[in-house]
Every structure is written in C-alpha cells, then in structure tokens.
Amino acid sequence: MSLPGTWIPHRREDGELVGWIEPAGEGFVTYDLLGRVRCDAPIDWLAAEEDLEELGIGYLADIYAIRLDDGTWVRSRITEVSTDGIGAKDDDFGDIGAPVAKYRLPFPIDDRLVPIADAPGEVRSLMS
C-alpha cells in the first residue's frame with residue numbers, strides 16, 4: 001500500500017522515522033510504524049509529536065502473536081517494517097539455527113498481528 005497523501009512522516013531528532021501524523025478536523029491523529037492508530041480522538045500537533053516520540057520504536061522488538069489462516073496463533077517476532085508490508089517469523093528464542101516459518105503481512109497491519117498478551121486464544125510456539 002502506498003501511504004495516504006495526508007500522512008506526514010514524523011522523525012526523532014536523530015532522523016529515525018517513528019510514525020506519521022494526519023490532520024483530522026482541527027487536530028491530528030498519530031499512526032505507529034505498523035500503521036495502527038495511536039489516539040482515540042484528534043490531539044494537537046505538539047501532543048501528536050510527543051506521542052510518537054514517547055512510543056519510539058522499541059515495541060517492534062516485542063513478542064507478537066500471528067493468526068494463521070487456520071485460526072491458530074503463533075508466537076512471533078517482527079523482522080521488517082515498511083509501507084510495502086510487514087515481515088515476521090516464528091520466535092526462535094535466539095536460536096539462529098532453528099528452522100522458522102516466515103510471514104508477510106499487510107501494511108497497515110490488520111488483526112492478524114497482536115501483542116502476545118492480547119492474543120484471544122492459545123498461542124503455539126516453535127519450541128513447544
């Protein structure tokens with residue numbers, strides 16, 4: 001997907017992209033690097049910048065769950081994020097030699113990828 005023309009990139013002081021800000025009425029809405037809306041209602045520009053800068057990019061290293069086509073959930077890690085799509089793989093628990101499945105997900109992300117704590121069902125793991 002190409003970004004909507006209304007999304008304004010927001011970068012940290014060091015130049016790292018941390019998300020986008022979109023005008024919404026008299027305020028602004030923020031989006032993280034997965035394309036998820038960050039605020040429930042429009043906020044002012046400075047609050048939008050602060051929201052994205054406080055969020056940072058650390059959440060990309062968190063553990064996630066991916067819902068497969070058969071409805072099962074798999075413990076996973078994000079490997080790539082771009083507006084062309086999101087890459088993920090089975091969580092290998094640091095074993096770089098372990099065989100893992102790789103996944104390609106849409107941008108903006110849909111409900112197939114959630115923080116592991118938010119998975120609505122049992123999450124299987126490569127190591128189980």
Side-chain angles (χ1 to χ4, degrees):
M1 167 193 165
S2 60
L3 282 178
T6 55
W7 286 23
I8 303 163
H10 182 70
R11 297 179 182 281
R12 296 188 306 207
E13 190 174 291
D14 65 2
E16 182 74 38
L17 179 67
V18 291
W20 296 271
I21 301 173
E22 179 180 40
E26 294 188 24
F28 301 90
V29 174
T30 54
Y31 297 86
D32 67 14
L33 293 173
L34 298 173
R36 300 176 298 188
V37 174
R38 293 271 311 148
C39 49
D40 295 330
I43 54 180
D44 69 47
W45 181 263
L46 290 177
E49 288 183 319
E50 289 172 2
D51 177 52
L52 291 174
E53 289 172 19
E54 286 176 16
L55 175 64
I57 61 172
Y59 64 94
L60 297 175
D62 291 344
I63 300 168
Y64 287 84
I66 293 176
R67 188 185 70 238
L68 303 179
D69 290 341
D70 67 2
T72 60
W73 290 91
V74 179
R75 182 182 171 106
S76 63
R77 298 274 186 174
I78 293 173
T79 58
E80 171 195 356
V81 175
S82 81
T83 57
D84 293 329
I86 297 164
K89 67 174 186 166
D90 289 339
D91 184 10
D92 59 19
F93 295 87
D95 181 357
I96 61 171
V100 295
K102 295 182 180 179
Y103 309 95
R104 191 75 183 157
L105 303 167
F107 176 91
I109 195 60
D110 55 21
D111 63 353
R112 285 179 277 183
L113 180 76
V114 298
I116 195 163
D118 295 342
E122 180 182 347
V123 178
R124 78 168 175 81
S125 168
L126 172 70
M127 300 302 197
S128 55

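Counting from 1, the numbers follow the sequence of the chain as shown. Since we're looking at a predicted model, the values are computed, not measured.
Around atom CG of D118, more than 12 heavy atoms belonging to other residues, nucleotides or ligands sit under 6.0 Å away. Annotation for D69: atom CG does not count as buried by contact number, only 12 or fewer foreign heavy atoms lying within 6.0 Å.
Between K89 and E80 no salt bridge is recorded (no basic side-chain N to carboxylate O distance below 4.0 Å).
Between F93 and R75 the shortest side-chain heavy-atom distance falls below 4.5 Å. The side-chain heavy atoms of W73 and P120, taken from C-beta on, include a pair separated by under 4.5 Å. Inter-residue side-chain proximity for T79 and K102 is flagged as unmet; no heavy-atom pair is nearer than 4.5 Å. Residues E54 and V18 fail the side-chain proximity criterion, which asks for heavy atoms closer than 4.5 Å. A heavy-atom distance below 4.5 Å is found between the side chains of I8 and W45.
A donor-acceptor contact under 3.5 angstrom links the side chains of D90 and Y103, judged on distance only.
Of the inter-residue distances, the one linking F107 atom CZ with L33 atom CG reads 8.0 Å to the nearest 0.5 angstrom. Note that OG of S125 and CD1 of I116 are 7.5 Å apart. Values are rounded to the nearest 0.5 Å. Taking CZ from R36 and CG from L55, the interatomic distance works out to 8.0 Å, rounded to the nearest 0.5 Å. Distance CZ/R67 to CG/D110: 7.0 Å, rounded to 0.5 Å.
Residues A119 and A65 come closest through the heavy atom pair CB-CB, 3.8 Å. Scanning all heavy atoms of the two residues, the minimum distance from R104 to G87 falls at NH1-N, 3.8 Å. Closest approach of G19 to L52, counting heavy atoms only: C-CD1, 3.9 Å. The shortest heavy-atom contact between W20 and T83 is CZ2-CG2, 4.0 Å. Taking both residues in full, the closest heavy atoms of Y31 and V37 are given as CE2-CG2, 3.3 Å, listed atom of the first, atom of the second, then distance. Of all non-hydrogen atoms in D44 and F28, the two that sit nearest each other are C-CD1, 4.0 Å.
Looking only at distances, no side-chain donor or acceptor of T30 sits under 3.5 Å from a matching main-chain atom of A48.
The hydrophobic cluster containing I21 does not contain I43, counting ILVMFWY residues as joined when their side-chain heavy atoms lie under 4.5 angstrom apart, directly or transitively.
Within the structure, salt bridge (charged side-chain N to carboxylate O under 4.0 Å, His left out) pairs that include any residue of residues 5-27 comprise R12-D14 (at least two apart or interchain).
The one candidate from L113, I78, I86 that meets the side chain to side chain contact (heavy atoms under 4.5 Å, CB included) condition with I66 is L113. The residue from D62, D91, L60, D92 that alone fulfils the side chain to side chain contact (heavy atoms under 4.5 Å, CB included) condition with R77 is D91.
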